[in-house]
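Everything on this sheet refers to the single structure shown next.
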Amino acid sequence: TQTLVVDAQTISFGDAELPSTLAYGSDPITFTVSSSAGGPVTVGLAPGSSQYCRLTGTGPTYTLAAFAPGTCTLVASAGGTIIYAEVTVTQDIEIVKGAQTIVFNALADKTYGDPPSTVSATGGATGNPVTFSSQTAGVCTVTGNVVTILAGGTCTIAANQAANANYN
């Protein structure tokens, strides 16, 4: 009689763990997979995940890119050996909406009595228009992109851009 011990095989996604979230529009991440048995590991996407992320590479190195907000599930498998049992693991990565940046240049100083002036900003990634509003209604008003000074004081103007399916 001979006893054969079969160990649990593990799969590692590189030196660092994969992130639990990845923002739309962020740089793709590259990772290397390996198994404790030393054999090849194949990585793919679970059904339905391709609408949220893209996986490229042919092991052991893969690149993952965010495609749309949702849950991206990676499926990694390694075959069994005489010592190690076959193993399949999944890793969920939540693809979240990306952040937008609005470039709103500093405004020139104004004096009460100056004629109305215009403001402008360069919008973020959604393509939606940038809208402006006064945060100090007693000092200034904003209609469209035209600022009217009503009184002395600090006029604070907010620039906003609506979200879309991929960006906040």
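All values below were derived from every heavy atom in this structure, side-chain atoms included, with hydrogens, water molecules and symmetry-related copies excluded.
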Is the backbone of [Y] close enough, under 3.5 Å, to the side chain of [X] for a donor and an acceptor to pair up by distance?
{"X": "Gln100", "Y": "Asn168", "result": "yes"}
{"X": "Thr126", "Y": "Ala162", "result": "yes"}
{"X": "Ser35", "Y": "Gly38", "result": "yes"}
{"X": "Tyr62", "Y": "Val43", "result": "yes"}
{"X": "Lys110", "Y": "Pro115", "result": "no"}
{"X": "Ser36", "Y": "Thr10", "result": "yes"}
{"X": "Gln9", "Y": "Gly79", "result": "yes"}
{"X": "Asn160", "Y": "Val130", "result": "no"}

(request) Determine whether the side chains of Thr63 and Thr30 contain a donor N or O and an acceptor N or O closer than 3.5 Å. (result)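 Distance-only check passes for Thr63 and Thr30.
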
(message) Testing the 3.5 Å rule here: is there a donor-acceptor pair between the side chains of Ser133 and Gln135?
(response)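 Yes - a donor-acceptor pair under 3.5 Å links their side chains.
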
(message) Set out, in order, the CA-CA distance, both residues' side-chain angles and the distance that settles side-chain contact (heavy atoms from CB on, under 4.5 Å) for Asp114 and Tyr112, then state yes or no.
(response) CA-CA 6 Å; Asp114 283 351; Tyr112 175 71; over 6 Å; no

Side-chain donor-acceptor distances from residues 136-151 under 3.5 Å, at least two apart:
from, atom 1, to, atom 2, distance (Å)
Thr136, OG1, Thr154, O, 3.4
Thr136, OG1, Thr156, N, 3.0
Asn145, ND2, Val119, O, 3.3

(request) Would you mind reporting whether Arg54 and Phe67 have side-chain heavy atoms less than 4.5 Å apart? (result)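 When only atoms from C-beta onward are counted, Arg54 and Phe67 do touch, with a gap below 4.5 Å.
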
(request) Just jot down the ring pair (Phe, Tyr, Trp, His ring centres under 6.0 Å) partners of Phe104, sequence neighbours excluded, or say none. (result)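 Testing Phe104 for ring pair (Phe, Tyr, Trp, His ring centres under 6.0 Å), a comparison that skips the adjacent residues, returns Phe132.
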
